[in-house]
Amino acid sequence: MNLPTKLAVPGDPKFTEISGGEFYSLALTDAGVAYGWGFNRSGQTGTGLAAQSVLEPAPIAAPDGAKFTQLSAGSHHSLGIADNGKAYGWGSNSNGALGNGTPIPSPTPVAVQLPENVEFTMIDAGGQHSLALGNDGLVYAWGGGSLGQIGNGTGTGSLIPGPVDLPRGLQLVALAASGFQNTDDETRIDDATLGGYHSLVITADGKTWAWGGNQNGQLGDGSVGTAALAPVEVTLPAGVAFTSVWAGIFHSLALGDDGKTYGWGHNSFGQLALGGNQDAYVPTEMRTAPTVTEIDFDGVAGTDLTQAEDGSWSVVTPAHAAGPVDVTVAWEQFGVAQEPIVYADGFTYVADGPTVSDPADVTVTAGSSASFTVEVTGSPQPVVSWEVSTDGGETWGPAPDEWSVVVDGSSSTLSFPASVTQSGMLVRAVADDGVNEPVISATAKLTVTEVPGEGGNGNGNGNGNGNGNGNGAGGGGGLAETGNTSTPWATMLAGLLVALGAGAAALSVVRSKRNRA
């Protein structure tokens, strides 16, 4: 069965108390009638039935017509307190856990041998031992004691209740006896590897005490491996007192008066809920904090929901007009979704609009890249769009799509290849957060200069031999070329050179072209 199912009980009685043992259960009705069902090989259901398993709740016969007021299911034995002031036990008894002075098991309740003039007000069945609080303020224990779990300081068991060796004057407020793992061989009940051999109590002075087995540090005093034959004080978290305790097989649990849950001892399977599987030798806070799955602002989910190391949560708010809005927090506990929490007017959007810095003027040479950068602020984070004007700011249009826009945090950079025809173009940025009025930056001017010209191809390095090779890179020695034929004055110059004897035999007529932009 994977889901809770209502019990089929004849007469449909109202249960007011339940207790789960190892493979069996007990329940108490508002009329004081006790029921038992489940595994019954040792008679632990108390029904008196011979069946190894009792498949549906059956009544437990209280001796002398008494009505039970309290029940406790252990591993293989059970205990109860009745309204006649007596305590009863039933089930396995090989170590005297029933407290009736014998090691004989019983399938029905038998009276516990109470100390003289003492009645029990609280009772708990463990694995092979039992605990009780007397109306005299003392804690009593009986049953197996091989690892000191009955706290009498001797390491031996007892067939009847005896006082636990606690400091005098302490007033008990809670107790717990651990159970142990199931075994089909009851002769192994004293095998320490079964676990379930320690006890816990809370006293009115805010302290917690433990004794018995300590294989995995389940006593909580910082030690491990050494059993305590008498109570030792549990090391409590600073400023915390426990209000209830529970003893597992090899681990212990407690609720603190700070509202937190603590665990210590065996943790190979993560049973301490500490986020790992390392044992803990002192009480350690469990990870029981809820998990936030979504935070909505006026019905719109925030983004980037993140939990910090200190357990707090942060979220980026969606865009919204200024003013208060309801905040809804969706959360889960242990993987189970819980009822969302609504905080009316839990968040207020402010009217602070976006800001944008002014881009700087840029001067580049033709063919290189021109870049303009701005910084923006605001919440929600503004989005930057770029605009250009080619008529001195009279009209504006969006920057061409093929131009590059790179956003890095709060900065936005527009880049594009510059040409001479773009010189004088104006650029500006528009910051828009989707809520407030967009903000426009001041304009920046682009100036594009020409790459220095390569000039003519004349090589004007005349020499004494009359060779006139010129390479005119922006005004070299070559003559300016105006056509494909020599001009009259060029011919006259050639004749002059011949007359001067300047190597006219090798004279080349130089033609030049007018450079075009």
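Starting from 1, each residue takes its place in the sequence as its number.
The aromatic rings of H266 and F250 sit perpendicular, their planes meeting at an angle over 60°, well past the 30° parallel limit.
Each salt bridge (charged side-chain N to carboxylate O under 4.0 Å, His left out) pair with one or both residues in residues 119-145, not counting sequence neighbours, would appear here, but there are none. Applying the salt bridge (charged side-chain N to carboxylate O under 4.0 Å, His left out) test to residues at least two apart or on different chains, none of the pairs has a partner in residues 325-349. Listed by first and then second residue, the ring pair (Phe, Tyr, Trp, His ring centres under 6.0 Å) pairs that reach into residues 103-126 are F120-Y140, F120-W142, sequence neighbours excluded.
A side-chain donor-acceptor contact under 3.5 Å links H77 and S130.
Shortest non-hydrogen contact noted between A230 and D165 is CB-OD2, 4.1 Å. Taking each heavy atom of A280 and G263 in turn, the nearest pair found is CB-O, 4.3 Å. Residues G144 and I150 share a closest heavy-atom pair of O-CG2, 3.3 Å. Pairing each heavy atom of A210 with each of L200, the nearest pair is CB-CD2, 3.4 Å. Considering every non-hydrogen atom in both A87 and I123, the closest pair reads CB-CD1, 4.1 Å. Across all their heavy atoms, A227 and G213 have their closest contact at CB-CA, 4.3 Å.
Looking only at side-chain heavy atoms (C-beta outward), D12 and K6 come within less than 4.5 Å of each other. Taking 4.5 Å as the limit, every side-chain heavy atom of E22 sits out of range of all side-chain heavy atoms of Q44. Annotation: side chain of V245 is not in contact with side chain of S252 (no heavy-atom distance under 4.5 Å). When side chains are defined from C-beta on, S146 counts as touching Q128, because their heavy atoms get closer than 4.5 Å. Using a 4.5 Å cut-off on side-chain heavy atoms (C-beta onward), P290 and Q338 make no contact. Residues L71 and E17 meet the side-chain proximity criterion, which asks for heavy atoms closer than 4.5 Å. Looking at heavy atoms from C-beta onward, H251 lies in side-chain contact with W246 at the 4.5 angstrom threshold. Counting only heavy atoms from C-beta outward, the side chains of S441 and W386 never approach each other to under 4.5 Å.
Judged as a side chain to side chain donor-acceptor pair (under 3.5 Å), and not counting sequence neighbours, the contacts of T45 are N40, T47. Residues forming a side chain to side chain contact (heavy atoms under 4.5 Å, CB included) with E387 (at least two apart in sequence, or on another chain): W396, R428, V430. Remark: W313 pairs with no residue by the ring pair (Phe, Tyr, Trp, His ring centres under 6.0 Å) rule, at least two apart or across chains. Listed by chain and number, the residues in a ring pair (Phe, Tyr, Trp, His ring centres under 6.0 Å) with Y281 amount to none (sequence neighbours excluded). Here T235 pairs with nothing under the side chain to side chain donor-acceptor pair (under 3.5 Å) rule; sequence neighbours left out. Qualifying ring pair (Phe, Tyr, Trp, His ring centres under 6.0 Å) partners for Y35, counting only residues two or more places apart in sequence or in other chains: F15. For T154, the side chain to side chain donor-acceptor pair (under 3.5 Å) partners two or more places apart in sequence, or in a different chain, are N152, T156. Partners of T69 by side chain to side chain donor-acceptor pair (under 3.5 Å), not counting sequence neighbours: none found.
The main-chain N or O of S411 is never found under 3.5 Å from a side-chain atom of D408 such that the two would form a donor-acceptor pair. Remark: the backbone N or O of A125 is paired with a side-chain donor or acceptor of S72 at under 3.5 angstrom. With hydrogens and angles disregarded, no donor-acceptor distance shorter than 3.5 Å links the side chain of T306 to the backbone of S314. Within the 3.5 Å criterion, the main-chain N or O of V316 finds no donor-acceptor partner in the side chain of D304. The closest donor-acceptor contact from the side chain of S357 to the backbone of E375 lies under 3.5 Å. Remark: the backbone N or O of A97 is not paired with any side-chain donor or acceptor of N95 at under 3.5 angstrom. Between the side chain of S42 and the main chain of G91, no donor-acceptor pair closer than 3.5 Å is present. Not a single donor-acceptor pair under 3.5 Å links the side chain of W209 to the backbone N or O of V232. Distance alone, capped at 3.5 Å, places no donor-acceptor pair between the T243 side chain and the A241 backbone. Not one N or O on the side chain of D433 forms a donor-acceptor pair closer than 3.5 Å with the backbone of G353.
If you take CD on Q52 and CZ on F39, they are separated by 5.0 Å, rounding to the nearest 0.5 Å. Atom CG of N277 and atom CD of Q271 lie 9.5 Å apart (nearest 0.5 Å). D432 contributes atom CG, which lies 8.5 Å from atom CD of E437 (distance to the nearest 0.5 angstrom). Rounding to the nearest 0.5 angstrom, the gap separating the OG1 atom in T226 from the CG atom in D221 is 9.5 Å. Rounded to the nearest 0.5 angstrom, T121 OG1 and I81 CD1 are separated by 6.5 Å. Here the CG atom belonging to N117 is positioned 9.0 Å from the CG atom belonging to N135, to the nearest 0.5 angstrom.
Within a 6.0 Å radius of CG in D30, other residues, nucleotides and ligands contribute more than 12 heavy atoms. Taking a 6.0 Å sphere around CG of D401, one finds it holds 12 or fewer heavy atoms contributed by other residues, nucleotides or ligands. The local environment of CG in L305 is crowded, with over 12 non-hydrogen atoms from other residues, nucleotides or ligands closer than 6.0 Å.
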Inset, instruction - Tell me, with the steps shown, if L272 and Q278 meet side-chain contact (heavy atoms from CB on, under 4.5 Å). - result: CA-CA 9 Å; L272 300 184; Q278 296 297 313; over 6 Å; no
Inset, instruction - May I have the step-by-step check of side-chain contact (heavy atoms from CB on, under 4.5 Å) for H320 and V300, ending in yes or no? - result: CA-CA 9 Å; H320 197 282; V300 180; over 6 Å; no
Inset, instruction - Please step through side-chain contact (heavy atoms from CB on, under 4.5 Å) for the pair T355 and V439, ending with a clear verdict. - result: CA-CA 7 Å; T355 65; V439 176; 5.9 Å; no
Legend entry - CA sep, side-chain torsions, deciding dist, call: N93, N100, side-chain contact (heavy atoms from CB on, under 4.5 Å): CA-CA 9 Å; N93 195 32; N100 63 346; 3.4 Å; yes
With a 3.5 Å cut-off and sequence neighbours excluded, list the donor-acceptor pairs that the side chains of residues 53-60 form with protein atoms.
none

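A ring-centre distance under 6.0 Å is found for W90 and F68.
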